[in-house]
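Both counts, for ligands and for their atoms, begin at 1 and track the order of listing. Start at 1 with the first residue, then count along the sequence. Every heavy atom of this structure was used, including side-chain atoms; hydrogens, water molecules and symmetry mates were not.
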Amino acid sequence: MGLLEGKRALITGVANERSIAYGIAKAFKREGAELAFSYATPKLEKRVKEIARSLGSELVFKCDVTLDEDIEALAEGLKKSWGSLDVLVHSIAFAPKEEFKGGVIDTSREGFKVAMEVSVYSLIALARALLPLMEGRKGSIITLSYYGAEKVVPHYNVMGIAKAALESTVRYLAYDLAKHGHRVNAISAGPVKTLAAYSITGFHLLMEHTSKVNPFRRPITIDEVGDAAVFLASELSRAVTGEVIHVDNGYHIMGVFDREEEIKKEVFGKDG
Ligand code: NAP
């Protein structure tokens, strides 16, 4: 029996098969969950419907998280189709491309507002709208963060600030929703080549560096994020809430990156 047998999960943020949310959806399907999906703009409808169908789901809703009417329609649609919900995967973030070009000092008022609204407020808005569907279900809400919330990652700029706010929101929501029996957690994923990631100036260099210096010396995969999300969605994590779990091959534990080759040369001479 799968770890998520009998659970109903809404997956937001699938843009294509590279999306982190797609890795999560595949893992949830493998573990027996029923899936529903939402997408932001009409141009994604066909693609997301195909992906949903490939994972055995016909439940696909348009939901631009900046629009209250879309969020209400999503909650209403899920109520009609399922009547209940166990898991919300919030895999949504956005900031205008210009915000990643310079430094944080260049952040525009509008860029700041957009980044915070789409990437942070949307978690609160979705959680509130879907709360009635989770009543009595011991729900699990999972969002996606990044190390730029904790430390400076050049060019990540306003999105780092938004992710810090998102991680704080996870803690506050975890406190609020505990009285309903629900949990709220984040996965801080290592860099993955996705559409959203390509907006970040120099992302390929960031990815190359991170993959080379983490303790396992390899990039993470969306399937690895999916497996961590299964844990957070399942009863196995019933005492875990308000947490940020790093799925980054241990990159975040490093204080100084490995200088083994340089040390060998300096201490033992050229041949090591
Ligand atoms: P992705 O495939 O591009 O997914 C981002 C999703 O956000 C897209 O489906 C996008 O829809 C959606 N979105 C943007 N604005 C929206 C809005 N107003 N309403 C509803 N949905 C909206 O990229 P991803 O990397 O998988 O990103 C998913 C999450 O993982 C994000 O929170 C991201 O910050 C986080 N994350 C990513 C990485 C990484 O390296 N890729 C690392 C750590 C954390 P459209 O395509 O229609 O705009």
### Query
Does any non-hydrogen side-chain atom of F28 lie less than 4.5 Å from one of V87?
yes
### Query
S119 side chain to F94 main-chain N or O, any donor-acceptor pair under 3.5 Å?
yes
## Note on the structure
Closest to atom 38 (C) of ligand 1 among protein heavy atoms sits I20 CD1, 3.7 Å
#### Entry: Exercise: do H252 and S188 side chains pair donor with acceptor under 3.5 Å
no
### Message
Can you confirm, on distance only, whether ligand 1 has an N/O atom lying under 3.5 Å from any N/O atom belonging to S19?
### Response
yes
### Message
Regarding atom 25 (O) of ligand 1: of the candidates V89, T194, V247, I71, which has the closest heavy atom?
### Response
T194
### Message
Give the atom numbers and elements of ligand 1 that come within less than 4.0 Å of a heavy atom of A189.
### Response
42 (C), 43 (C)
### Message
Need the ligand 1 atom indices (1-based, order shown) with element for anything under 4.0 Å from a heavy-atom of T41.
### Response
47 (O)
### Query
Mind checking whether M134 and I141 have side chains closer than 4.5 Å, heavy atoms only?
yes
### Task
Answer yes or no: are there more than 12 heavy-atom neighbours, outside E69 itself, under 6.0 Å from its atom CD?
yes
### ligand 1-proximal atoms of V65, by part, heavy-atom distance under 4.0 Å
both
### Message
With the threshold set strictly below 4.0 angstrom, can you tell me whether any protein non-hydrogen atom sits that near atom 48 (O) of ligand 1?
### Response
no
### Task
Decide whether the shortest distance between a heavy atom of G190 and an atom of ligand 1 is less than 4.0 Å.
yes
### Query
For A197, is at least one N or O under 3.5 Å away from an N or O on ligand 1?
no
### Subset of ligand 1 atoms that lie under 4.0 Å from at least one heavy atom of P191
40 (O)
### Message
For T143 and H90, which I'm curious about, is there any donor-acceptor pair between the side chains at under 3.5 Å?
### Response
yes
### Task
Decide whether an N or O pair under 3.5 Å exists between D64 and ligand 1.
yes
### Task
Could you say whether the N/O atoms of F94 and ligand 1 ever approach to under 3.5 Å?
no
### Task
May I ask which of H90, E17, K163, M159 has a heavy atom nearer to atom 32 (O) of ligand 1 than the others do?
K163
### Task
Give a yes or no on whether R18 atom CZ has more than 12 heavy-atom contacts from other residues, nucleotides or ligands under 6.0 Å away.
no
### Query
Is a side-chain donor-acceptor pair under 3.5 Å present for T66 with E117?
no
### Task
Check ligand 1 against C63 and write out every atom of the ligand that is under 4.0 Å from a heavy-atom position of the residue.
19 (N), 20 (C)
### Message
Below 3.5 Å, N or O to N or O, backbone or side chain included: is there any such pair between G13 and ligand 1?
### Response
yes
#### Entry: ligand 1 N/O within reach of Y156 N/O, cut-off under 3.5 Å
no
### Proximal atoms of ligand 1 relative to S91 (non-hydrogen, under 4.0 Å)
5 (C), 6 (C), 7 (O), 28 (C), 29 (C)
### Query
Is R47 atom CZ crowded by more than 12 heavy atoms from other residues, nucleotides or ligands, each under 6.0 Å away?
yes
### Message
Just to check, does M207 reach to within less than 4.0 Å of ligand 1 when the distance is taken from its heavy atoms?
### Response
no
### Query
For atom CZ of F112, is the number of surrounding heavy atoms from other residues, nucleotides or ligands below 6.0 Å larger than 12?
no
### Query
So, do D70 and V65 sit near enough that their side-chain heavy atoms are less than 4.5 Å apart?
no
### Query
Which residue pairs pass the side chain to side chain donor-acceptor pair (under 3.5 Å) test when at least one of the two sits in residues 93-103, sequence neighbours left out?
E99-S108
### Query
Among all protein non-hydrogen atoms, which one is nearest to atom 35 (C) of ligand 1, and what is the separation to 0.1 Å?
L144 CB, 3.7 Å
### Query
Are any non-hydrogen side-chain atoms of V240 and L232 less than 4.5 angstrom apart?
yes
### Query
Just wondering, do S211 and R218 contact through their side chains at under 4.5 Å, heavy atoms?
no
### Summary
Going by the 4.0 angstrom heavy-atom rule, the piece of S145 near ligand 1 is backbone
### Query
What part of L44 sits under 4.0 Å from ligand 1 if we count only heavy atoms: the side chain, the backbone, both or neither?
side chain
#### Entry: pair Y121-T169: side-chain heavy atoms closer than 4.5 Å
no
#### Entry: Nearest protein heavy atom with distance in Å, relative to atom 14 (C) of ligand 1
A93 O, 3.8 Å
### Query
Do F203 and ligand 1 have an N or O pair less than 3.5 Å apart?
no
#### Entry: Salt-bridge criterion met for R30 and D227 (N-O under 4.0 Å)
yes
### Summary
Of all protein heavy atoms, the one nearest atom 3 (O) of ligand 1 is A196 N, 3.0 Å
### Summary
Of all protein heavy atoms, the one nearest atom 21 (N) of ligand 1 is A40 CB, 3.4 Å
### Message
Please work out, at 4.0 Å between heavy atoms, whether the side chain, the backbone, both, or neither of S38 comes within that distance of ligand 1.
### Response
neither
### Query
Identify the closest protein heavy atom to atom 15 (N) of ligand 1: which residue and atom is it, and at what distance?
V118 CG1, 3.6 Å
### Task
Might you check, step by step, whether the distance between atom 10 (C) of ligand 1 and some protein heavy atom is under 4.0 Å?
no
### Pairwise side-chain contact, S57 with L59, heavy-atom cut-off 4.5 Å (strictly under)
yes
#### Entry: Contacting atoms of ligand 1, where contact means under 4.0 angstrom from a heavy atom of I92
7 (O), 13 (N), 16 (C), 20 (C), 21 (N), 22 (C), 32 (O)
### Message
Heavy atoms only: which of I11, V192, I200 lies closest to atom 40 (O) of ligand 1?
### Response
V192
